[in-house]
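Working notes, structure below.
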Amino acid sequence: MLCRGDTGGMSRPSLPPPELRAYLEELVRRTSAVCGDRLVSVLAVGSLALGDYRHGRSDVDVTVVVDPAPPRADLTELAATLAHPALPCPAAGLELVAYAADFAARPSGEAGYLLDLNTGPSLPERASQDPADAPAFWYVIDRSVAHQAGLPLYGAPARDVIAAPDRPAVLAALRASVREHAGGEGHLADNRVLNGCRAAVHCRTGHWFAKRRAGEIVAASEPAFEPLITEALRSFGRPRAEAAVLPAEDVRAFLAWVAARVEEAAAAAGV
């Protein structure tokens with residue numbers, strides 16, 4: 001049974017959208033069957049937690065916490081039983097990360113995962129048990145979002161099991177994230193722009209906003225970038241295959257502006 005999450009006064013859902021409920025119920029059931037009494041918590045994070053999930057466009061982001069860490073063979077079994085199409089994913093894809101409870105409970109700037117699974121109709125397949133396989137910044141940002149807004153699907157609430165990375169670690173992760181999106185490879189242009197908006201707003205407020213809301217905030221405060229962000233918001237409302245091609249020079253200029261905001265925040269924090 002999916003748990004109701006405390007919204008903490010934020011405008012976000014206490015249950016996943018109807019299109020995903022049966023899928024997430026089965027994901028929790030399969031995860032529990034493999035992990036048994038090791039399973040501490042299953043959390044919806046990302047756009048689901050921040051109230052900005054768009055069916056046909058968004059991924060399903062899930063964090064699993066276990067104690068103690070299962071054997072590698074069990075993690076391989078978990079990846080296999082959750083992989084699309086063994087468990088058909090109704091969203092663009094599933095991005096699931098599993099952590100040991102002792103790692104998740106302390107602030108860290110490391111990747112630190114036990115399993116990183118990407119699967120689904122629009123994602124390249126990936127099932128890694130080596131945290132050295134990917135840049136750490138993805139996981140630092142995800143855990144920071146999870147601590148703020150994680151939606152419990154099973155077990156303990158997010159703030160009881162996921163520590164918030166400290167501000168220097170988050171700013172270092174944002175610096176790396178902006179650099180990644182400035183490169184552009186493998187990322188839709190609208191997502192690059194809106195991730196940049198989310199980074200800029202987090203630097204300003206210390207709070208994670210949904211991409212669309214962050215885009216609205218930056219568009220309202222930075223008139224020079226309003227046309228680009230408005231087009232990115234329009235594109236973000238479409239399926240991935242119909243995403244707009246945004247002017248490359250404008251995207252680069254905007255992400256350079258975001259990088260400067262991150263550096264300002266880092267300097268203010270003494271990082």
Side-chain angles (χ1 to χ4, degrees), residues 1-6 12-101 103-104 111-129 134 138-139 142-143 145-147 149-162 240:
M1 178 64 68
L2 300 182
C3 303
R4 290 187 177 271
D6 176 9
R12 65 184 183 87
S14 59
L15 285 173
E19 303 94 328
L20 296 179
R21 288 178 195 167
Y23 173 73
L24 291 171
E25 292 271 7
E26 181 62 12
L27 182 148
V28 169
R29 189 193 70 77
R30 293 187 183 204
T31 303
S32 181
V34 173
C35 296
D37 59 9
R38 294 185 180 92
L39 187 60
V40 174
S41 192
V42 181
L43 306 165
V45 296
S47 61
L48 280 173
L50 293 171
D52 200 32
Y53 175 81
R54 299 187 65 79
H55 200 59
R57 175 61 189 255
S58 300
D59 298 322
V60 173
D61 297 288
V62 174
T63 294
V64 173
V65 180
V66 290
D67 185 26
R72 290 180 65 88
D74 286 7
L75 294 168
T76 300
E77 180 185 355
L78 180 62
T81 194
L82 299 181
H84 178 88
L87 176 59
C89 182
L94 169 68
E95 296 186 351
L96 179 141
V97 183
Y99 296 103
F103 175 83
Y113 60 78
L114 300 172
L115 172 66
D116 179 23
L117 173 67
N118 284 5
T119 188
S122 299
L123 288 184
E125 293 292 317
R126 166 185 164 82
S128 169
Q129 296 184 36
W138 299 113
Y139 310 93
D142 281 352
R143 292 197 303 273
V145 173
H147 178 83
L151 177 64
L153 306 176
Y154 171 92
R159 291 197 175 201
D160 290 355
V161 294
I162 304 288
R240 291 189 184 203

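Applying the salt bridge (charged side-chain N to carboxylate O under 4.0 Å, His left out) rule to Glu26 yields the partners Arg29, Arg30; only residues at least two apart in sequence or on another chain are considered. Residues satisfying the side-chain hydrogen bond (donor to acceptor under 3.5 Å, both in side chains) criterion with Ser128, sequence neighbours excluded, are Tyr113, Asp133.
Put simply, the side chain of Cys89 reaches to within 4.5 Å of the side chain of Pro121, judged on heavy atoms. Inter-residue side-chain proximity for Val97 and Trp138 is flagged as unmet; no heavy-atom pair is nearer than 4.5 Å. The closest side-chain heavy-atom distance from Val161 to Asp67 is not below 4.5 Å. Contact annotation: the side chain of Thr63 never approaches that of Asp142 to less than 4.5 Å [non-hydrogen atoms, C-beta and beyond].
For the atom pair Thr81 OG1 and Leu27 CG, the distance stands at 9.0 Å (nearest 0.5 Å). Here the straight-line distance linking atom CD of Glu25 with atom CG of Leu20 works out to 11.5 Å at 0.5 Å rounding. To the nearest 0.5 angstrom, Tyr53 atom OH is 6.5 Å from Glu19 atom CD. Separation of atoms OG (Ser122) and CG (Asp59) is listed at 8.0 Å; rounding is to 0.5 Å. Distance CG/Leu151 to CG/Leu43: 8.0 Å, rounded to 0.5 Å. Taking OG1 of Thr31 as the reference point, atom OH of Tyr154 lies at 10.5 Å (rounded to 0.5 Å).
Ring geometry, Phe103 versus Tyr99: the interplanar angle falls under 30°, so the pair is classed parallel (tilted spans 30 to 60°).
For His84 (side chain) and Thr119 (main-chain N/O), no donor-acceptor pair under 3.5 Å exists by modelled atom type. When atom types are taken as modelled, the side chain of Ser32 and the backbone of Val28 share no donor-acceptor pair closer than 3.5 angstrom. No donor-acceptor pair closer than 3.5 Å links the side chain of Arg57 to the backbone N or O of Arg240. Of the possible polar contacts, one joining the Arg159 side chain to the His147 backbone as a donor-acceptor pair under 3.5 Å is found.
Across Leu75 and Leu115, no two heavy atoms sit closer than the pair O-CD2, 3.9 Å. Closest approach of Gly46 to Asp61, counting heavy atoms only: CA-OD2, 3.9 Å. The two residues Ala156 and Ser41 make their nearest non-hydrogen contact at O-OG, 2.6 Å. Closest heavy-atom contact between Leu114 and Pro70: CD1-CD, 4.0 Å. Pairing each heavy atom of Arg38 with each of Pro71, the nearest pair is NH2-CD, 3.6 Å. Across every non-hydrogen atom of Pro88 and Pro90, the tightest pair is O-CD, 3.4 Å.
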